[in-house]
Every structure is written in C-alpha cells, then in structure tokens.
Amino acid sequence: MSSCRQWIPIALLGLSFVMPAVGDPGYLKDLISRSQQLRLADHPEWHRLLHYQPRAFGRGVESLNDDPAFFNAPDGRRNPQTELAATLAAFFVPGAENEREQPAQCRFIARYAWLKERLAFDPARLPEAPCRRFRAFREALDPQGATLIFASAFLNNPASMFGHTLLRLDRRGQDERTRLLAPTVNYAAHATDPIGLRYAWKGLTGGYHGRFTLSPYFEKVRDYNDLEHRDLWEYRLTLTPAELDRLVRHLWELLPTYYDYYFFDENCSYHLLALLEVARPGLRLTDRFHAWTIPSDTIQAVSRTPGLVDEVIYRPSTASRLRDRMKRLSTGERELARALGEGRRPADDVELMAQPPVTRTAVLDAATALVSYRQERQIVATAEGERLSSSLLLVRSRVDDIGPPPSVPAPDSRPDRGHDSTRLMLSTGRDHGQSFTQIEWRAGYHDLLDTSRGFEPGAQIEVLRIGIRHREDGETRLQELDVLNVLSLPAFDETIRTWAWRMQAGWQRSPVPGEGDPLVFRFRMGGGMAFGSARSNPYAMLEGALQANPRYEPDWIAGAGPAIGWVVEPAHGWRVHAWARRLRFTDNPHHEEREAMLAVQVSGWRNHGLRLEAGRRASFDRGGRVATLGWLYYY
C-alpha cells in the first residue's frame, strides 16, 4: 500500500503531462503536508464521504462503493490517505465542463467543499472552478427541507416485503398539490430479471448494481400508494440549510456511481442513512446495522435520534381510503356504493337521491374511491373508470356543501413505534412427555403473536429462526432452522378481494417410523381467505408440503390438507392465535401430520414479552401434548 509521501511526486509528475494546471503545483505539496499534520485521512467525515467501513476480514477499511470512477487513487477504495492525496492532486487538473465531463472540483464537489473548509484553500494558488452544471442542479432542486418516506410492507413482492424508504426534497411553500412535484431520492437495484429464483439469488449476493435516482414524488405515490396499495409515512426532518447543501453536494457525487446491491444489508434504507450522515456530521445512524438492514429498523433509528424528526404525516393508500369510506356506511349503503362504483346503477340513482345529503355524500365518496381502486387494479378500463368517476363527481357537486370527505385516521401501524426486529426467546416446556429448555434466535422481523403496534395487521415475515433444545435426557440438538416463514392474512370482503397465503422453508424435527425424529427439510405453501379485522381475524387455507430426508422412502414426500386459524387481539398488548392443520402424505396411507394449538402472548413493554403455547401434535402413530412457556426479548 502506497504511502502519502510516495503519492506526492506521482501527483506532481502527472500534472506536468497535462494542460497547464489550474493552480500552483508547489501548493499541492503544501496542502498534502498539512492534511497529514491534521490527520484528515482519519477524520470520520472523510470516511463518511468515501463510505469507508472497517473491513470484514483483516485490518483497515474499505469503501462500500464499488465503482472505480468514485476514487482518484488506484487503491483509494481501501486507502483513505492515498485517496485524499490523489483527490487534492485532481483538484489542480483543469478540465472541460460539458454534458459528459467535468473537472474533479465539480465531480467531487462535496469532497472539495470539505477539504476547502479544513485546509482554507488559497484561490490565488488554486482557482475554483465555476461548476455550472452543479449550480444548475442545485437551483433546480432548491431544497428547503427533507422528508424521509416509508412505504409499508408489500408481501407480494420479495424486494418489498420489509417496506421501502426514500427521501423527498421539499421546497419552501409547498402545499398538498405541489408537494407531489417535489423530487425524491431513491436507491434501488437496477434489476433486469423477472421476479423469481434468479432475481432473489442475485439480490441476495450482490448480483445487481444499486444506484441513486431522482424522480417526482407523484411517481412514487402512484407506484407505492396507488398501484401497490401501500400506506406511506412521511417523516419530516430538521435539516438546516447548511446540512441540505451538504446533502445535495454529496448526492451529486453519488448519482453517476453504483454499489453492489445486497437485499439484506446494503439496500435502499442503509445508503439513505449514509447520505443523512454526510448531511449532518455527528449522526451515527448506520453503526447499528452490520449483518442486515430492515427498513422499519432504520425508521426507528431516525425517529429515536433526538432532534432529527419534526413531524410524522400519514398518507393512506387508495385501498385504505376505500376501506375507511366503506366502514362509515351501513350494510345497505355499502351495497349501494358498490353498485354505483361498479356501474350497475346510475350516478343519480333514485334510492341514492332519496337519502339525506350527509348520507348521499358519504355513499358517493365511497363509490368514487371504489372506481379509483378498480382503475388502479385494472379491473375496469381507464376510459370507463373516468366516465364513472366524472358522473359520480357531478352528482356530488350538486349536494349542499357539507365539506370535504373526512380524513382517514392513522392506523396503529406507524413503523417507528414497533418492536425491534431481532428476537431472542428463552423457553421451557414439555414435548411428547419429555421436559426441555430451549433458546431460539430470530434475525427478523415479526410474527402474528408479536405485538402488532407498528406493523401491518395480519402480516408475518420471519427470516432465519434457529431453535436449539436441551432435553431432560441430556441431549442438546438443533430443533429447527426456519429460513423463511411468511403468512399474509388480509381481510377479504366484497369490495377489496385479497387472498390469504403462506410460504415456509426450513428444517424441523419430524418423526420417521423406526428412525427417531431427524431434521427434515420442509417447503410449505398455501392459499385461502381471511375474514374479520385486525383485532379478530379468522382464516382458512389449503396447504401443500414437500418434505425431504434420506430416511424417507423415497428421499422426499409430498402432502396436502386444510388449515384453519383465528388471530385475536382481545386487549392492547395481548395476542391470541389458535390454529389447526392436517396434512396427508403420499408415501404411506397412515402418514398424517396433525396439529391443534393455542398460543397467547402478553407484551407489556415494546421489546419484551411472555408467550405460552399449548396443544397437541401428531405424526404417523406418534402423538402427544406440547406446552411451552417463554420469555422474549427484541433488540
């Protein structure tokens, strides 16, 4: 690894072969010397600007940025000192400024501003480039504030199962309409593959480039809020004008570059936190995220930072607005609204016109919301939807003025108020007549019994859950290893017809006749319907399972059967889940798996809970009671 002293003559030699330098080459040696004396290469802000992190293996640091063009020194990705010296040298090299190129002072304008502040550049010896492209970029953005946006989980897309974050740059004097035109900063993988195994594998292993992009906020509202029906939460930040300037300068440096995208750690949320750390020196938002970064956890990190969040605003999705409008109506009024919204009755229907003005307005608002929902789901053609919507709005305009529709109340799923995603569980109990103690660890992030506050109702997403059990006979062994366990129980109704589904993959102990209970790989999928509400949600499914173990004859078996359950929240902090399932397998007419369980969890504090499970499980001819009492800690 080259030292700074070795880089000085190299930089100066390079300057002698280019067009005349923009400044005094002798001044470069002085700047590098002073940067060494001040130990600027070791400064946390220099490391933030270059995105240096301690190396996973070995000593030193390494930048998370994977684009060679982001660095001025050949070894700049791993050597902050040589990168700083090469960057100073690059500032002395003149360059044209056009659509395809710009001098280093402009290309790395955040680094230039920081080094200028620390070293007090003499403009007579290092003239400053005008950077017209950046000035135009800055004026076009004209940010007066910034808002961190969280899009709630979308279970039907693997890349969005944990939610998504983006950053909106707000202008002074925005209202609800002009706010939709504000630019948003988004970091995402540039994937060309359709969603599937290849997509998932490349997303997990850094197979895609992740890039920052800018787009109007209304496009993101359309994509997340309308098309995918995901609620948006807006966290308005308290960034000062100077901090916004630093953010914009560093964004300018990042837009042409790329990172290797990793779904679990270097994802949308992580790099937005790193951008905020450059904007406000002293923030340490990324320090707690090493092995994985879950978007809801990053929202908690931001909201728990004193003085960083000023206000939280809820923007309901089209589906949420529709549910709220329908919930305010009686059964007969809902049926009338559906008939109007589906075009089965005219907008000036006789029954509608006979209603009092308040009821008539509420029915028309619900019908209009239904038309919007059906358009976005492509259930009705755009032209037909616009015709229906126009006729409904025309009739509503003739109703006596009673004000705008009531706002949708914010649900209890505000993401910064949820429990932390990693969980440790210590439990004791009996299983088939034998006592045990067990330690279970889950990487992330929520199941149906965890306290529901801060999470989407009826949604379970667990990743990497490991249970190690010590039995009373003295044996300690791996009891289960779940790689992924997803359960989605959206309430089905006549207006919003969404299906319940589940998917689980991992290893579990399962009896095999004459072979004990080895670890069996199980892949299970199911689909069905859920009813009710977030506080009382019964469901029914048909499930299929594929299990594999060398002790089976053959090595793998398939099975299918029904599953039913009921999730209830009788009071705040209490969660109850009762379920039963029965699977019949193809390998043996007597091979069935049956389960009937009741589980209760009490969460008196956000990151602590007590869980009790009891019931009966059976496989082949082996069955018995199961009971477990556990303490849970989330961190």
Side-chain angles (χ1 to χ4, degrees), residues 48 143-154 160-170 179 182 184-187 217 220 224-225 230-240 243-244 246-247 265 267-290 292-317 320 408-423 444-446 450-457 459 461 572-573 603 605-608 633-635:
R48 298 291 191 194
Q144 304 297 323
T147 300
L148 190 64
I149 311 293
F150 178 81
S152 60
F154 183 53
S160 301
M161 288 174 62
F162 299 96
H164 183 76
T165 57
L166 55 149
L167 186 69
R168 189 182 70 214
L169 301 178
D170 299 318
R179 187 174 294 113
T184 57
V185 181
N186 186 49
Y187 176 83
Y217 186 43
K220 297 304 178 183
Y224 298 132
N225 221 191
R230 301 162 67 177
D231 293 337
L232 298 179
W233 296 87
E234 303 178 354
Y235 292 78
R236 296 189 177 174
L237 307 177
T238 60
L239 298 184
T240 65
E243 291 167 345
L244 287 168
R246 279 193 290 269
L247 187 149
D265 53 0
N267 54 26
C268 62
S269 296
Y270 183 90
H271 285 297
L272 283 180
L273 294 186
L275 183 60
L276 292 178
E277 289 176 334
V278 170
R280 178 173 288 182
L283 288 179
R284 302 178 65 88
L285 300 173
T286 60
D287 286 0
R288 61 173 287 190
F289 302 105
H290 302 289
W292 55 85
T293 306
I294 295 177
S296 61
D297 286 347
T298 65
I299 291 295
Q300 292 182 18
V302 169
S303 65
R304 294 175 191 174
T305 300
L308 185 54
V309 175
D310 179 50
E311 184 182 13
V312 181
I313 297 173
Y314 169 63
R315 183 184 288 271
S317 68
S320 294
V408 180
D412 203 26
S413 57
R414 180 169 150 175
D416 61 292
R417 293 178 174 172
H419 61 76
D420 291 342
S421 61
T422 304
R423 189 185 74 193
Y445 97 122
H446 180 72
D450 293 331
T451 177
S452 62
R453 189 181 188 191
F455 293 87
E456 290 297 301
I461 309 172
H572 180 70
S603 302
W605 304 270
R606 183 178 67 186
N607 284 326
H608 296 271
Y633 172 64
Y634 305 82
Y635 63 96

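Side-chain atoms are counted along with the backbone in the values below, which use heavy atoms only and exclude waters and symmetry mates.
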Visitor: Judged by atom type as modelled, is there a donor-acceptor pair below 3.5 Å linking the side chain of Asn607 to the main-chain atoms of Asp420?
Guide: yes

Visitor: Can you tell me how far NE2 of His271 sits from CG of Leu167, rounded to the nearest 0.5 angstrom?
Guide: 15.0 Å

Visitor: Is there a donor-acceptor contact under 3.5 Å linking the side chains of Thr165 and Ser269?
Guide: yes

Visitor: After noting the C-alpha distance and the side-chain angles of Asp416 and Tyr235, does the key distance pass the side chain to side chain contact (heavy atoms under 4.5 Å, CB included) rule?
Guide: CA-CA 10 Å; Asp416 61 292; Tyr235 292 78; 2.5 Å; yes

Visitor: Evaluate the side-chain proximity of Ile294 to Thr422: yes if any heavy-atom separation is below 4.5 Å, no if none is.
Guide: no

Visitor: Which heavy atom in His446 sits nearest to a heavy atom in Ala459, and how many Å separate them?
Guide: CD2-O, 3.2 Å

Visitor: Given 3.5 Å as the limit, does a donor-acceptor pair link the side chain of Glu456 with the main chain of Ser413, or not?
Guide: no

Visitor: Looking at every non-hydrogen atom in both residues, tell me the closest pair between Ser320 and Asp231 and how far apart they are.
Guide: OG-OD1, 2.7 Å

Visitor: With rounding to the nearest 0.5 angstrom, report the CG to OG1 distance, Asn267 to Thr293.
Guide: 5.0 Å

Visitor: Taking the six-membered ring for Trp and the single ring otherwise, decide whether the centroids of Tyr633 and His608 are under 6.0 Å apart.
Guide: yes

Visitor: Measuring from Arg288:CZ to Tyr635:OH, what's the distance to the nearest 0.5 Å?
Guide: 11.5 Å

Visitor: Enter the distance from His164:NE2 to Ser296:OG here, rounded to the nearest 0.5 Å.
Guide: 14.0 Å

Visitor: Grab the two heavy atoms, one from Arg236 and one from Thr147, that are nearest each other, plus how far apart they are.
Guide: CG-OG1, 3.5 Å

Visitor: For Trp233 versus Ala410, what's the shortest heavy-atom pair and its separation?
Guide: CH2-CB, 4.0 Å

Visitor: Between Ile299 and Pro415, which heavy-atom pair has the shortest distance, and what is it?
Guide: CG2-CG, 4.3 Å

Visitor: Within the 4.5 Å heavy-atom criterion, are Ile149 and Lys220 side-chain neighbours or not?
Guide: no

Visitor: Give the minimum heavy-atom separation between Leu285 and Glu277, together with the two atoms involved.
Guide: N-OE2, 2.7 Å

Visitor: Given 3.5 Å as the limit, does a donor-acceptor pair link the side chain of Thr286 with the main chain of Leu273, or not?
Guide: no

Visitor: Please report the interatomic distance CZ(Arg606) to CZ(Arg453), rounded to the nearest 0.5 Å.
Guide: 8.5 Å

Visitor: Does the pair Arg230 and Ser317 meet the rule for a side chain to side chain contact (heavy atoms under 4.5 Å, CB included), with working shown?
Guide: CA-CA 6 Å; Arg230 301 162 67 177; Ser317 68; 5.7 Å; no

Visitor: Around atom CZ of Arg304, are there more than 12 heavy atoms from other residues, nucleotides or ligands closer than 6.0 Å?
Guide: yes

Visitor: For Arg280 and Leu308, run side chain to side chain contact (heavy atoms under 4.5 Å, CB included): C-alpha distance rounded to whole Å, both residues' side-chain angles, the deciding distance at 0.1 Å, then the answer.
Guide: CA-CA 10 Å; Arg280 178 173 288 182; Leu308 185 54; 3.6 Å; yes

Visitor: What distance do Leu166 atom CG and Tyr224 atom OH have between them, rounded to the nearest 0.5 Å?
Guide: 6.0 Å

Visitor: Is it the case that the ring center of Phe455 lies less than 6.0 angstrom away from the ring center of Tyr445?
Guide: yes

Visitor: Is there a side chain to side chain contact (heavy atoms under 4.5 Å, CB included) between Leu272 and Thr298? Walk through the geometry before answering.
Guide: CA-CA 9 Å; Leu272 283 180; Thr298 65; over 6 Å; no

Visitor: Out of the candidates Val302, Asp170, Leu244, only one should pair with Leu237 under the side-chain contact (heavy atoms from CB on, under 4.5 Å) rule; please name it.
Guide: Val302

